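In each ligand, atom 1 is the first atom listed, and ligand 1 is the first ligand listed. Treat the numbers as computed from the prediction; the structure is a model and nothing was measured.
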Amino acid sequence: MIKISAVSYTNTIPFIYGLQHHPIKKEIDLSLDVPSLCAEKLIENKVDIGLIPVAAILDLPEHHIISDYCIGANGAVNSVFIFSNCPIEDVQYLQLDPQSRSSNNLALVLLKNYWKVKPELVSKAKEYGRSSHPKTAFVQIGDRTFGKINQHSFVYDLAAEWKSFTGLEFVFAAWVSNKKLEDSFIDKLNAALKLGLDSRLKIFENMEMRKDFDLVDYLMHKIDYRLTDNKKEALALFHKYMRELA
Ligand SMILES: C=C(O[C@@H]1C=C(C(=O)O)C=C[C@H]1O)C(=O)O
């Protein structure tokens, strides 16, 4: 059995559907985890493949990007934000999202190179997402952000901000293995992922819709699942900026 850890958020539902409706199902042991844990499991070799935050690729002694599908965006993604009580230029404390690796780092890259401000970073905030301090902001990703854009005074979509800064798309998570796998298995994996993406309209028939968030638009248009050359270029640039943070 090949062990796989994939992201437990709505944006991964098409991929999960594909893996569960393709013959590959019998060859894999699939777990669903928050992104930071997907990364941890792959780094600690508890799984062979992860849909992992691209930021964590830098922590892997050996890695192979094994798919041309990813969790990406071309402009606004609608589920990766800094929510703030004041304009970004005035933020004093930035709470990081414990479930994230990529977006926390993307926030740091943008703060340093785009907004050119240096707030104090708070990793395990007690009041995560609830601080009423006028100069506190927080990074948040995934389903927890759905419907929240009207609940905060200042809202920054980090994929949109990255595009304003670089003109490029962005990759949040990619399918990565920590060892070389057989080509025949990788082909099956990609066929299964494609099957899931091609089944999106069918998936919507059984999905509970929300009044406060357009799930169809999110999964059809905002999340961009293709790992294009433009996204690979963006990924290389993001990693370069990440290395410069250190
Ligand atoms: C767009 C998203 O991308 C996610 C963001 C990640 C991160 O910040 O580390 C990791 C996996 C992705 O699923 C999201 O889930 O909202």
Side-chain angles (χ1 to χ4, degrees), residues 4-17 19 30-43 47 49-60 63 65 67 69-83 94-111 121 123 128-129 137-149 155-163 168-176 193 196-197 210 212-215 217-227 231 234-235 238-239 241-242 245:
I4 302 181
S5 166
V7 174
S8 55
Y9 299 155
T10 296
N11 53 38
T12 307
I13 288 177
F15 286 148
I16 304 305
Y17 181 96
L19 292 171
L30 178 66
S31 58
L32 298 182
D33 303 294
V34 299
S36 51
L37 192 57
C38 297
E40 200 177 300
K41 283 185 170 179
L42 194 70
I43 291 165
V47 294
I49 298 174
L51 176 58
I52 64 159
V54 293
I57 288 175
L58 299 184
D59 296 337
L60 280 163
H63 83 272
I65 295 180
S67 175
Y69 301 109
C70 67
I71 303 288
N74 184 2
V77 64
N78 239 0
S79 63
V80 174
F81 295 102
I82 289 179
F83 294 121
L94 179 73
Q95 301 176 338
L96 300 176
D97 186 339
Q99 298 189 8
S100 161
R101 295 282 311 266
S102 295
S103 308
N104 285 342
N105 278 286
L106 176 56
L108 303 192
V109 165
L110 291 170
L111 287 166
L121 305 174
S123 280
Y128 174 69
F138 64 101
V139 177
Q140 194 160 63
I141 68 167
D143 300 16
R144 294 124 83 225
T145 66
F146 293 172
K148 277 197 189 159
I149 54 169
V155 174
Y156 302 87
D157 182 311
L158 296 191
E161 299 294 337
W162 167 263
K163 183 143 193 199
L168 296 174
E169 302 175 30
F170 193 76
V171 195
F172 289 95
W175 291 96
V176 175
L193 300 177
L197 294 177
R210 303 174 58 121
D212 59 354
F213 187 79
D214 188 342
L215 283 169
D217 176 60
Y218 179 60
L219 296 180
M220 293 305 292
H221 307 299
K222 293 298 187 290
I223 298 287
D224 186 340
Y225 293 98
R226 291 159 309 167
L227 186 52
K231 283 206 196 61
L235 177 55
F238 178 56
H239 280 159
Y241 280 125
M242 265 189 71
L245 289 172

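Among protein heavy atoms, atom 15 (O) of ligand 1 sits closest to N11 ND2, 2.8 Å. For atom 10 (C) of ligand 1, the closest heavy atom belonging to the protein is P35 CB, 3.4 Å. If you check which protein heavy atom lies closest to atom 16 (O) of ligand 1, you get S79 OG, 2.7 Å.
Residue-to-ligand polar distances place G142 within reach of ligand 1: an N/O pair is separated by less than 3.5 Å. The shortest N/O to N/O separation between Q99 and ligand 1 does not fall below 3.5 Å. In terms of N/O distances under 3.5 Å, ligand 1 is not approached by N104. Of the polar atoms of S100, at least one N or O is found under 3.5 Å from an N or O of ligand 1, judged by distance alone.
For the residue pair S79 / Y218, a side-chain donor-acceptor distance below 3.5 Å is found, with atom types taken as modelled.
The Y9 neighbourhood of ligand 1 comprises atoms 15 (O), with distances under 4.0 Å to a heavy atom of that residue. With ligand atoms numbered from 1 in the order given, ligand 1 contributes 7 (C), 8 (O), 9 (O) to contacts under 4.0 Å with heavy atoms of R101. Ligand 1 places these atoms under 4.0 Å from at least one heavy atom of A173: 11 (C), 12 (C).
No more than 12 heavy atoms of other residues, nucleotides or ligands sit less than 6.0 Å from atom CZ of R226. Heavy-atom neighbours of L58 CG from other residues, nucleotides or ligands within 6.0 Å: above the threshold of 12.
Under the ring pair (Phe, Tyr, Trp, His ring centres under 6.0 Å) criterion, Y241 pairs with F165, not counting sequence neighbours.
Of the heavy atoms in S103, both backbone and side-chain atoms come closer than 4.0 Å to ligand 1.
Between F138 and F83, the two ring planes are tilted [angle within 30° to 60°].
Across D97, T145, I141, L96, heavy-atom proximity to atom 5 (C) of ligand 1 is greatest for I141. Nearest to atom 3 (O) of ligand 1 by heavy-atom distance, out of F172, Y218, F170, is F172.
Applying side-chain contact (heavy atoms from CB on, under 4.5 Å) to L32 and the options C38, S8, S5 leaves one that passes, S8.
Listed here is the closest heavy atom pair of W175 and Y69: CD1-O, 3.4 Å. Between V171 and K231 the shortest heavy-atom distance is CG2-O, 3.4 Å.
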Show me, pair by pair, the donor-acceptor contacts under 3.5 angstrom made by side chains of residues 102-111, not counting sequence neighbours?
unit_1, atom_1, unit_2, atom_2, d
S102, OG, V54, N, 3.0
S102, OG, A55, N, 3.4
S102, OG, F172, O, 2.7
N104, OD1, D97, N, 2.9
N104, ND2, D97, O, 2.9
N104, ND2, S100, O, 3.1
N105, ND2, R101, O, 2.9

